[in-house]
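Since the structure comes first, as structure tokens, the remarks are kept for the end.
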Amino acid sequence: MTVRLRFAPSPTGYLHIGGARTALFGWMFARRFGGQFILRIEDTDQKREVPGAVDNIMASMRWLGINWDEGPDVGGPYGPYVQTERAPLYQEWAHWLVENGYAYKCFATPEELEEMRVALQAKGDMSGYDRRYRDYPAEKVAELEAQGKPYVVRFKMPLTGVTVVEDMIRGAVTFENSQLTDYVLLKSNGLPTYHLAHVIDDHFMKISHITRGDEWLSTAPLHFQLWQAFGWERPYYAHMPVILNPSGKGKLSKRTQSFVDGQWQVLVRVEEFEEQGYLPQAVDNFIANVGWSSGDDQEIFTIDEVTPRFDLRDVNPSPTSLPYAKLDWINGQHIQQMDPLDLAKAIKPFLEAAGYEVNIDALLAVVPAMRVRLKRLTEAADFLHFLFADDETFSLTAVDLTHKQLPLDTAVAGYSQVRDFVQSTPVYDLETISQRVTAIGESVTTSGKAGPFLGKLRLAVTGQQVSPPVFESMLALGRTRTVARLNQVLQVLESEQQAAAGE
RNA sequence: GCCCUCAUCGUCUAGGGGACCAGGACGUAAGCCUUUCAAGCUUAAAACCGGAGUUCGAAUCUCCGUGAGGGCACCA
């Protein structure tokens, strides 16, 4: 069997991280079995449509590396891939259902429906519809139609018995038909509801597998009944478990943008992950590892490496939250594995956004040294602030620049020796810096170890607690600027010395 | 209210009747290493929701509770 799996978002704005996971799992499944992955736009609710949403969703999918074989932009043999462009098809089949006794026209007005809802609710019935037009006499239907009364088409749900929904993740799920209502298939504006549209499209697009959110499981019996009524071969359904808020309260899909939950900044749109400096391969890794695991204990992987092992049947049915606490670590791991040039290219836009003019070559000189400490691309601007900022004054105090193993007097000696060395050395390269500065450091601390001095030197030269390694930083800065910074620091310390002496 | 789903360390997970005094990862703590940050390495604390069954044996199967989540639109 050829796998043809579709992902069908609604153009209501952006790609949600949960939707991205549904898409990614579908994509992995299709690729694993050598099938096709199809993108279809479900825009039958025109009220909720947001301009530009389709492009935005496609951009996020592409960023994540989820490509499609057929879709609204690339076309394909079963198009169009946008539902509103297929309206006549749905109308035709809705009427086929009516003519064959599987559905009926319902003329209830919104006011009538509202009354019904209230009356039924009083009896504890939340279905909202009492089936009053289900067996309406044909003459009367014709009469109302002749008067031009608007109507919807509703499915004639079996009143008794049971519908068994086969789900790839959960297995068989049984529903009592008596619990189900006569859902609307075709709205009075002539457009179909999701229920009708997806069945017709999946059939005519020869879809074999569907990944969709768990919220569809409760209407799945309707969908199964529809397949049966049409007499078409039904695709396999996989209902993805819901993603919860990190606090475990409520589902994440209700959130439309990033928010703070406890100590975590929770990102929800794929574009937010990009803005916050996460790599697409890290985001893929992050979402692929919840609700599914690679089978061994491998935590860091690329999608390509793990796709051959992927199966929708292995997806864990329990709802979960995304482990945001792992995200920075995962991203850092992927950054470490990156080629320096690729990393420099990835960092560049973030530096530019911070207002630094950079060229790739200058970046390449420092990127390898800072790679291991970078968790998010956005941090690069902070790390490299010392290099690119025009403002070279850091507000460091004597306390910042000394250490219990590095008292004031020897600190002054140490910084000035380093300055003199930088100024006068004939060769200014990594090895020379490393040798000389380490030696100075050892001579200047009470323990005879360079460590404490070098830690403070980092601060003196870069103004930062965390930075690329000191020697690399000094090299990247160049002699003139390094000397200038050391002089600055010496000024602070010397005035501290005078103050102490004056007392 | 009704229907449906789910339930292992704080979090993400492995586990499909004996290989489990439950394994991995993040985070946390301690130590090592080091250009005292970061990274890396080592160690530690930390879980089978509760109760009944089935079975020689249950984290694993069944039932009941409890808890959490989803659904009950002319939205998807």
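In what follows, chains are A, B, ... by sequence order, proteins preceding strands, each numbered from 1.
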Grab the [atom1]-[atom2] distance between [X] and [N] for me, whole Å please.
X	N	atom1	atom2	answer
A:L252	B:A68	CG	C1'	16 Å
A:N289	B:C12	CG	P	12 Å
A:N285	B:U13	CG	C1'	13 Å
A:N245	B:U11	CG	C1'	14 Å
A:D297	B:C12	CG	C1'	13 Å
A:I243	B:C6	CD1	C1'	15 Å
A:I300	B:A39	CD1	C1'	14 Å
A:L159	B:C3	CG	C1'	16 Å

Taking the [atom1] atom in each of [N] and [M], what is the distance between them to the nearest angstrom?
N	M	atom1	result
B:G16	B:A59	C1'	11 Å
B:A19	B:C41	C1'	30 Å
B:C9	B:A47	P	9 Å
B:G27	B:C33	P	22 Å
B:C2	B:C20	C1'	41 Å
B:U55	B:G40	C1'	49 Å
B:A46	B:U11	C1'	12 Å
B:U60	B:C48	P	12 Å

Taking any strand in view, what nucleotide pairs with [N] in a Watson-Crick or G-U wobble way, both distances under 3.5 Å?
N	result
B:U11	B:A25
B:C20	none
B:U55	none
B:G40	B:C32
B:U60	none
B:G69	B:C4

Do the two ring centres, one from A:Y237 and one from A:F224, sit under 6.0 Å apart?
yes

Mind checking whether A:Y415 and A:F453 have ring centres under 6.0 Å apart?
yes

Protein heavy-atom contacts under 4.0 Å, written 5' to 3' over nucleotides 71-76 of chain B as B (base), S (sugar-phosphate only) or - (none), form the string SBSBBB

Distances under 3.5 Å only, N/O to N/O: pair up the protein atoms with those of nucleotides 26-28 of chain B.
| from | atom 1 | to | atom 2 | distance (Å) |
| --- | --- | --- | --- | --- |
| B:C26 | O2' | A:A325 | O | 2.8 |

Between B:A25, B:C2, B:A14, spot the one nearest the side chain of A:N316, thanks.
B:A14

Strictly under 3.5 Å: I want the nitrogen or oxygen pairs between protein and nucleotides 33-35 of chain B, one per line.
| from | atom 1 | to | atom 2 | distance (Å) |
| --- | --- | --- | --- | --- |
| B:U35 | O2 | A:V470 | N | 3.2 |

Test of understanding: with side-chain contact (heavy atoms from CB on, under 4.5 Å), list the residues that count as partners of [X], not counting sequence neighbours.
X	result
A:D297	none
A:R117	A:L113, A:E114, A:Q121
A:V82	A:I41, A:D43, A:P72, A:T84, A:E85
A:N189	A:K187, A:L191

A:D201 and A:Q83: side chain donor to acceptor below 3.5 Å
yes

Have A:Q265 and A:S258 got a donor and an acceptor in their side chains that come within less than 3.5 Å?
yes

Ring of A:Y151, cation from A:K105 - is the NZ or CZ under 6.0 Å from the centre and inside 45° of the axis?
yes

Hey, does the Lys NZ or Arg CZ of A:R154 hover above the aromatic six-ring of A:Y133, less than 6.0 Å from the centre and inside 45° of the axis?
no

Quick one: is A:Q333 getting a side-chain N or O under 4.0 Å of the B:A38 phosphate, OP1 or OP2?
no

What's the shortest heavy-atom distance between A:F310 and A:F25, and which atoms?
CE2-O, 3.2 Å

NA contact type, A:F286, heavy-atom cut-off 4.0 Å: base, sugar-phosphate, or nothing?
nothing

Reckon A:G332 touches a base, only the sugar-phosphate, or nothing at all at heavy-atom distances under 4.0 Å?
nothing

Quick one: which residue pairs count as a salt bridge (Lys or Arg N to Asp or Glu O under 4.0 Å) with a foot in residues 449-465 of chain A, not counting sequence neighbours?
none

Quick one: salt bridge (Lys or Arg N to Asp or Glu O under 4.0 Å) pairs with a partner in residues 168-177 of chain A, sequence neighbours left out?
A:D167-A:R170, A:R170-A:D214

How many angstroms lie between atom NE2 of A:H95 and atom CG of A:L185, to the nearest 0.5 angstrom?
11.0 Å

For A:S293 and A:T174, find the nucleotide of RNA chain B closest to each by heavy atoms; which residue's nucleotide sits nearer the 5' end?
A:T174

Starting from the 5' end of RNA chain B, give me the residue, A:Q179 or A:S318, whose nearest nucleotide shows up first.
A:Q179

Residues that A:S443 engages under side chain to side chain donor-acceptor pair (under 3.5 Å), provided they are two or more places apart:
none

Find every protein N or O atom lying less than 3.5 Å from an N or O atom of nucleotides 44-48 of chain B, and list the pairs.
none

Pairs of donor and acceptor atoms involving the side chains of residues 6-19 of chain A, under 3.5 Å and at least two apart or interchain, shall be tabulated with distances.
| from | atom 1 | to | atom 2 | distance (Å) |
| --- | --- | --- | --- | --- |
| A:R6 | NH1 | A:D202 | OD1 | 3.1 |
| A:R6 | NH1 | A:D202 | OD2 | 2.5 |
| A:S10 | OG | A:E42 | O | 3.2 |
| A:Y14 | OH | A:T256 | O | 3.4 |
| A:H16 | ND1 | A:G18 | N | 2.9 |
| A:H16 | NE2 | A:L252 | O | 3.1 |
| A:H16 | NE2 | A:R255 | O | 3.4 |

